[in-house]
Undergrad: 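First the structure, then my questions, so here it is.
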Amino acid sequence: MDWLTILNNPKKSKRDKLEAIGFIRDTLDYGDIPDDTALEIVNNLAKQVVKQNDSDIKESILDAMLEGSKAPFVEKTINLAPILKHLNEFNEACLSYILSLLGNSGEIAYRAIIESYKTNLSLKEDVEEALAEMDYRIKNNL
């Protein structure tokens, strides 16, 4: 059974899902896979994270996405739309990852979303880092 099937199966245990996410995170982090394959996996994870009810599973998926999106091509082309439609469903730990993904994209359209979290003291540092990363990528055309 592949990892996507495990994540889609509501009968699978939290442990099974976390193991599947760990496998895909390792594949993204240490596997020698082409950028387009990594992008496909990360985009699938973006769709899966909003389907999960458990915060630990969501956080683990977002961690895998952040690790898997380190290649410039992947960072710039991730489809974050599924996540953005559900921002209010994520806790602060998950939002920290999401802010990083938004900043790493270098997509100016995400600036307002990132800035909307400035008043959340728990995410203040994450907001500053995401904005700094975004500014760096825009300035250096990355």
Side-chain angles (χ1 to χ4, degrees), residues 1-10 12 14-142:
M1 188 177 294
D2 72 355
W3 65 272
L4 188 56
T5 305
I6 293 170
L7 289 177
N8 274 323
N9 187 341
K12 287 293 181 182
K14 177 177 180 175
R15 181 173 169 253
D16 288 342
K17 289 183 178 189
L18 289 173
E19 282 182 12
I21 298 162
F23 170 78
I24 198 60
R25 184 188 186 283
D26 288 348
T27 300
L28 288 167
D29 203 16
Y30 305 113
D32 189 20
I33 58 174
D35 287 351
D36 59 334
T37 302
L39 178 63
E40 182 181 349
I41 293 169
V42 172
N43 282 338
N44 275 321
L45 289 172
K47 294 173 191 170
Q48 284 301 312
V49 71
V50 299
K51 295 179 182 180
Q52 303 302 317
N53 295 320
D54 185 280
S55 292
D56 293 336
I57 292 172
K58 286 182 179 188
E59 188 175 349
S60 184
I61 290 173
L62 291 164
D63 176 64
M65 289 179 66
L66 191 59
E67 286 302 314
S69 66
K70 288 184 177 178
F73 167 77
V74 178
E75 286 177 323
K76 291 180 81 162
T77 53
I78 294 173
N79 180 9
L80 295 171
I83 293 171
L84 297 178
K85 293 176 188 173
H86 297 273
L87 281 176
N88 62 336
E89 298 172 17
F90 292 97
N91 65 23
E92 289 176 350
C94 290
L95 287 170
S96 175
Y97 285 101
I98 294 168
L99 290 169
S100 293
L101 288 164
L102 294 172
N104 290 350
S105 75
E107 179 61 53
I108 192 106
Y110 295 150
R111 180 176 294 284
I113 296 168
I114 295 168
E115 288 178 342
S116 72
Y117 290 94
K118 276 185 174 179
T119 57
N120 183 329
L121 295 178
S122 299
L123 295 171
K124 184 177 188 273
E125 191 174 309
D126 297 303
V127 168
E128 291 170 358
E129 288 177 13
L131 290 172
E133 189 64 35
M134 177 179 281
D135 291 342
Y136 175 81
R137 289 168 188 271
I138 292 169
K139 179 182 176 184
N140 294 292
N141 201 24
L142 298 175

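Residues: numbered from 1 along the sequence shown.
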Undergrad: Strictly by modelled atom types, are Glu75 and Ser105 linked by a side-chain donor-acceptor pair under 3.5 Å?
TA: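 No, Ser105 and Glu75 have no side-chain donor paired with an acceptor closer than 3.5 Å.
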Undergrad: Taking CD in Glu92 as the centre, count heavy atoms belonging to other residues, nucleotides or ligands within less than 6.0 Å. Is the count above 12?
TA: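 Yes.
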Undergrad: Do Glu133 and Ile114 come close enough that some side-chain heavy atom pair is under 4.5 Å?
TA: no
Undergrad: If you measure from the Lys or Arg side-chain nitrogens to the Asp or Glu carboxylate oxygens, is any gap between Lys139 and Asp135 under 4.0 Å?
TA: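 Salt bridge flag = no for Asp135 with Lys139.
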Undergrad: With side chains defined as the heavy atoms from C-beta onward, is the minimum distance between Tyr117 and Leu87 less than 4.5 Å?
TA: yes
Undergrad: Checking Asn91 against Glu59: is there a side-chain donor and acceptor pair closer than 3.5 Å?
TA: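 Checked: Glu59/Asn91 side chains show no N/O donor-acceptor pair below 3.5 Å.
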Undergrad: Should the heavy atoms of other residues, nucleotides or ligands under 6.0 Å from CG of Asn53 be counted, would the total exceed 12?
TA: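 At most 12 heavy atoms, drawn from other residues, nucleotides or ligands, come within 6.0 Å of this atom.
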Undergrad: Side chains of Phe90 and Lys58: does their closest heavy-atom pair fall under 4.5 Å?
TA: yes
Undergrad: Determine the minimum heavy-atom distance between Asn43 and Asn79, stating which atoms define it.
TA: OD1-N, 2.7 Å
Undergrad: How far apart are the closest heavy atoms of Leu99 and Ala130, and which atoms are they?
TA: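 Minimum heavy-atom contact is O-CB, 3.2 Å.
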Undergrad: May I ask you to test the Leu45-Val49 pair for a side-chain heavy-atom distance under 4.5 Å?
TA: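 A side-chain contact is absent here, since even the closest heavy-atom pair is not under 4.5 Å.
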Undergrad: So, Ser60 versus Asp63: side-chain donor-acceptor pair below 3.5 Å or not?
TA: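 Per modelled atom types, Ser60 and Asp63 side chains form no pair under 3.5 Å.
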Undergrad: Look up atom CG in Asp2 and atom CD1 in Ile24, then write down how far apart they are to the nearest 0.5 Å.
TA: 9.0 Å
Undergrad: Using the side-chain contact (heavy atoms from CB on, under 4.5 Å) rule, pick out the option among Leu66, Thr37, Ile33 that qualifies with Leu28.
TA: Ile33
Undergrad: Using side-chain heavy atoms (C-beta onward) and a distance below 4.5 Å, is Ile138 in contact with Glu107?
TA: no
Undergrad: Can you check whether Leu101 reaches Tyr110 side chain to side chain, under 4.5 Å on heavy atoms?
TA: no
Undergrad: Are Leu131 and Arg111 packed together at the side-chain level, in the sense that at least one heavy-atom pair is separated by less than 4.5 angstrom?
TA: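 In contact.
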